[in-house]
Amino acid sequence: MGLFKRNPFGHILFLKKWLIRIAGTLTHKRYRGFNRLHIDGSEIIRSLPDTNVLFISNHQTYFADVVAMFHVFNAALKGREDNIKNVGYLWNPKLNLYYVAAKETMQEGLLPRILAYAGAITVERTWRAKGKDVTEKKEVNPNDTENIKIALEDGWVITFPQGTTRSFKPVRKGTAHIILQHRPIVVPIVIDGFRRSFDRKGLFIKKKGILQSMEIKPPLEIDYDTETVESLVEKIEFAIEQHPSLLKVIPAEVLEEQAKLDIERKWRY
């Protein structure tokens, strides 16, 4: 790799590699130290092609979720079986790995801007601005969807189709449109425990001794010739375990604990 070789977005790969190495080393204990990350399904990662793979996941923090995925994906590619032992797996990280993030989030301070260099595809949210839902939705920026297409052609993309860290919010139809248009392999991921471990941004430790979990599921079966946007949205909601019907089977004590955490976050963050 040339010293100044760049990816399709102009990022120097040598700098990106060192950024991932350093950030990965600094964050490793967050998932294998004072907190633990239980992983299931990492063998699926090794079976995927090098490009045109879209990971869809529920969302609990702005940054801790995707950082954990960088760890898990790279560890799996280096032969780790459902674990992230020995952070040496980041010495030669996968550099064509991207994640979709809100533009306003990635511009809030120096650290988010640095993390954006590791692989963020920034998009303008049409339904939310400055932390609030908007009634008059903006038009989708065509450059945003084009950048996702470029990233899929170059490698793997992580996206959070609900577009928010709040549980059981609807999946945005834009994700379904992207899937039907570009026909990637779609791999669902379900995470838990990150909201209890970190602050909303996922930058600061909120509580230690939390068991986090990440389940990587087999790729979705999609008939691209007959699938509709509506049916695909529902399929995504079930795959990432965020369909409204699943609320009925969540134990009352879990919902009560979630409500307490929501109140705490409201006043603390």
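Numbering starts at 1 and runs along the sequence shown. Remember, predicted model here, so these are calculated numbers, not experimental data.
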If we check side-chain hydrogen bond (donor to acceptor under 3.5 Å, both in side chains) with Gln242, which of these qualifies: Gln162, His59, Glu237? Gln162
Is the shortest side-chain heavy-atom distance between Val187 and Leu54 below 4.5 Å? no
List the atom of Thr51, the atom of Asp154, and the distance in Å for their closest heavy-atom pair. CG2-O, 3.6 Å
Is it the case that over 12 heavy atoms from other parts of the model lie below 6.0 angstrom from the CZ atom of Phe204? no
Does atom NZ (Lys78) have a neighbourhood of more than 12 heavy atoms from anything else shown, all under 6.0 Å? yes
Within the 4.5 Å heavy-atom criterion, are Phe70 and Ile20 side-chain neighbours or not? yes
Can you get from Val190 to Phe73 by hopping between Ile, Leu, Val, Met, Phe, Trp and Tyr side chains that sit under 4.5 Å apart? no
Side chain to side chain, Arg196 and Lys206, heavy atoms closer than 4.5 Å: no
Evaluate the side-chain proximity of Lys16 to Arg21: yes if any heavy-atom separation is below 4.5 Å, no if none is. no
Is it the case that one hydrophobic cluster holds both Val66 and Ile210, taking links as side-chain heavy atoms less than 4.5 Å apart, direct or via other members? no
Ring-plane angle category for Tyr89 and His71, please: parallel below 30°, perpendicular beyond 60°, tilted otherwise. perpendicular
Does any non-hydrogen side-chain atom of Tyr31 lie less than 4.5 Å from one of Phe194? yes
Keeping the roles fixed (side chain from Arg30, backbone from Ala64), state whether a donor-acceptor pair exists under 3.5 Å. no
